[in-house]
There are 2 protein chains.
Amino acid sequence: MNIHWDDYRAVLAVVRKRTLSAAAEDICVNYTTVARRVARAEAATGEVLFERLAEGYRPTEAGQLVAQHAAQMESAEHAMLRGLSGRDTRLEGELTLTAPQLLIAHGLAPVLDEFSKQHPSVTLRIRAANEILDLNRREADIAIRISHNPGDTLKGLRLTAQHVTGFASPDWAARMADDPMGAVDWLVYEKRPELPEYVRKTYPGSRIRMRFDDMVAMSSAAQSGLGVVRMPMFLGRSLPGLVQVPLLPPKPYADIWVVAHPDVWPSAKLEAFRAITVPHFRERRPMFVA
Amino acid sequence: MNIHWDDYRAVLAVVRKRTLSAAAEDICVNYTTVARRVARAEAATGEVLFERLAEGYRPTEAGQLVAQHAAQMESAEHAMLRGLSGRDTRLEGELTLTAPQLLIAHGLAPVLDEFSKQHPSVTLRIRAANEILDLNRREADIAIRISHNPGDTLKGLRLTAQHVTGFASPDWAARMADDPMGAVDWLVYEKRPELPEYVRKTYPGSRIRMRFDDMVAMSSAAQSGLGVVRMPMFLGRSLPGLVQVPLLPPKPYADIWVVAHPDVWPSAKLEAFRAITVPHFRERRPMFVA
DNA sequence: ATTCATCCATGCATTTCTGCATATCCCTGA
DNA sequence: TCAGGGATATGCAGAAATGCATGGATGAAT
């Protein structure tokens, strides 16, 4: 009658990952252990939870039912850990920050430096991720994000507005100033594959030369003179070998926010982080806007 | 970073029970184990969860936070177990029934008999409880209850209506028929300490001789001739040595229901139980009403 | 004041769990 | 048809968790 709760967790992992090995990695145990915990859960519930197939474990209906409720247990655990973290008044231990790769590389370094100097007992863990980490699941404690609002369930402070405009190598910029009607090669981001109307009006010779799925690659291509890139002001201004192209008016872009889960928000470490970040962005506002 | 989920359960039990030993009994392990699990949880969370006092463990704020979320995990587990139970199509294993003590003793026996004959692989577990067991927490699978509705979150079938009237030893009944204006000694139930108006009108000589907190004791007192008791028809009729007193009209009383949690309701064992119980009460309706 | 019951801490032997190494199975692609 | 990769089972030794017994402390009742 008393089922080990950790066995539920094994079932959940297997349902999510479909194989013992992947599930085992998920919960940091040997896959043999996962197999045995699943077997124990089956014995305790009296239900077959998985079909054992050559390509992995396929959950039965009962298995899915168990996993579904185990997922609820898991989110209760996450809420608990957030709650504990939020009421933590200590300035020591780990603090995990996530931010877009390029923001970390070009603008956040002084913040990290300052924070680790002021709070040497805190180990900063940086996750330079292009994907959005799940702050509910504590994949990170705090995030710097570029967006129009803090996000559904999250709390946030707007650090600064941003503008975007075209940047290119100096010779491109010179050519565009000399002959605005001439050909202009653009490098664009896969997710925004079209040029805005105002760009085509200003430079009728615009054409898309390449599409990139990665902003780092794209900006180094621009540095090498392959073409013009629309990018946030702070980025174009801090990348050597790039200058702002003429005639194009900088346009508003998504703001920069510092966000965290409201449960975690009050923690001392996060407060300390914000105390450094907010003034930092306020002072450097001119870097980000036109 | 990977906390054993069973450690949370230990914390929850200690917060609920206040001492290691009681908590240990709750979760069927040695109290030493509870102590160690709590210690492990404290190490893993980095928080002190309890103050160790001579009279037991007192939870800190952090401890209460953990317990609160562990309770959520626990109810997710209960929901899971209910779900598994509800989709169980087997007519074997255990089935736990709860019902008021007196109903089991006087009226339910044939149902139990019939059920165990038809389904010999099912082990019936009977909990004759005067308190209401928590069907959410699976303290029982199914309940026979005397009430006006199935209950907030539960599903139910009305088995029969009931009437209530006065019962006493034959000499009391004879005396009351002879001299309705004479003295009548009543034995009443603590929770309904007053006699209804219509009783006092019919028998102006009524007086309360004793109050009981237990219906079994009260009915045997009536059997011994100590006085008159208002009780459900089925009970008065099935207790030897008691007869219905004259003049008093039987009054409607709370109905009898068979109830279960909606998650568990569809299970084969419960269906089988209802298949026996419902017709049984339908046939014996005359026992319960005037 | 003393006894008693209750509760917690700790050391030790045992049971249980875990990880590793090996064997087996199945599907896929040459 | 046969080799190879990925997946699951199983035997065994080491690690971890558990239960028991002992000892000490505290508070309630006599």
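A note on names: the letters A, B, ... follow the listed sequences, proteins ahead of strands, and every chain is numbered from 1.
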- Using only heavy-atom distances, decide whether a donor-acceptor pair under 3.5 angstrom links the side-chain of Tyr57(A) to the base of dA7(D). no
- Query: Is the phosphate of dA16(D), meaning OP1 or OP2, less than 4.0 Å from a side-chain N or O of His4(B)?
  - Reply: no
- Note on the structure: Testing dT18(C), dG19(D), dT8(D) for proximity to the side chain of Arg52(A), the answer is dT8(D)
- Query: Once you round it to whole Å, what is the distance between P of dA9(C) and CD of Glu55(B)?
  - Reply: 12 Å
- Message: Side chain of Tyr31(A) only, heavy atoms from C-beta on: which candidate in dA7(D), dT22(C), dT18(C) is closest?
- Response: dT22(C)
- So which nucleotide from dA9(C), dC20(C), dC12(C) ends up closest to the side chain of Leu20(B)? dA9(C)
- Whole angstrom value for the distance that separates P of dC7(C) from CZ of Phe50(B): 15 Å
- Message: OP1 or OP2 of dC17(C) versus the side-chain N and O atoms of Arg40(A): is any pair under 4.0 Å?
- Response: yes
- Hey, does Arg18(A) reach any base, or is it just sugar-phosphate, or nothing, if we go heavy atoms under 4.0 Å? nothing
- Message: So does Phe50(B) get a backbone contact from the side chain of Arg58(B), meaning a donor-acceptor N/O pair under 3.5 Å?
- Response: no
- Return the value, rounded to whole Å, for the distance between atom CG of Leu53(B) and atom C1' of dG24(D). 16 Å
- Message: Treating Ser21(A) as the side-chain partner and Tyr31(A) as the backbone partner, does any N or O pair qualify as donor plus acceptor under 3.5 Å?
- Response: no
- Message: Distance check needed: dT22(C) P versus Asn30(A) CG, whole Å only.
- Response: 15 Å
- Does Trp265(A) have Arg274(A) sitting over its ring (NZ/CZ under 6.0 Å from centre, angle to axis within 45°)? yes
- Would you check if there is a donor-acceptor pair between the side chains of Glu51(A) and Tyr57(A) at a distance under 3.5 Å? no
- Message: Using a 4.0 Å heavy-atom cut-off, does Ser21(A) contact any base of the nucleic acid, only the sugar-phosphate backbone, or nothing at all?
- Response: sugar-phosphate
- Could you give the CG-to-P distance, from Asn2(A) to dT16(C), as a whole number of Å? 16 Å
- Lys17(B) has an atom NZ; how far is it from atom C1' of dT6(C), in whole Å? 16 Å
- Item | Nearest-Å distance for atom pair CZ/C1', residues Arg37(A) and dG19(C) | 12 Å
- CD of Glu51(A) versus C1' of dC25(C): gap in Å, rounded? 17 Å
- Task: Report which part of the nucleic acid Thr33(B) touches: base, sugar-phosphate, or nothing (heavy-atom distance under 4.0 Å, all strands).
- Result: sugar-phosphate
- Verify whether one side chain among Thr98(A) and Arg127(A) offers a donor that lies under 3.5 Å from an acceptor in the other. no
- Query: Relative to the 5' end of DNA chain D, which residue comes earlier, Thr32(A) or Val29(B), by the nucleotide with the nearest heavy atom?
  - Reply: Thr32(A)
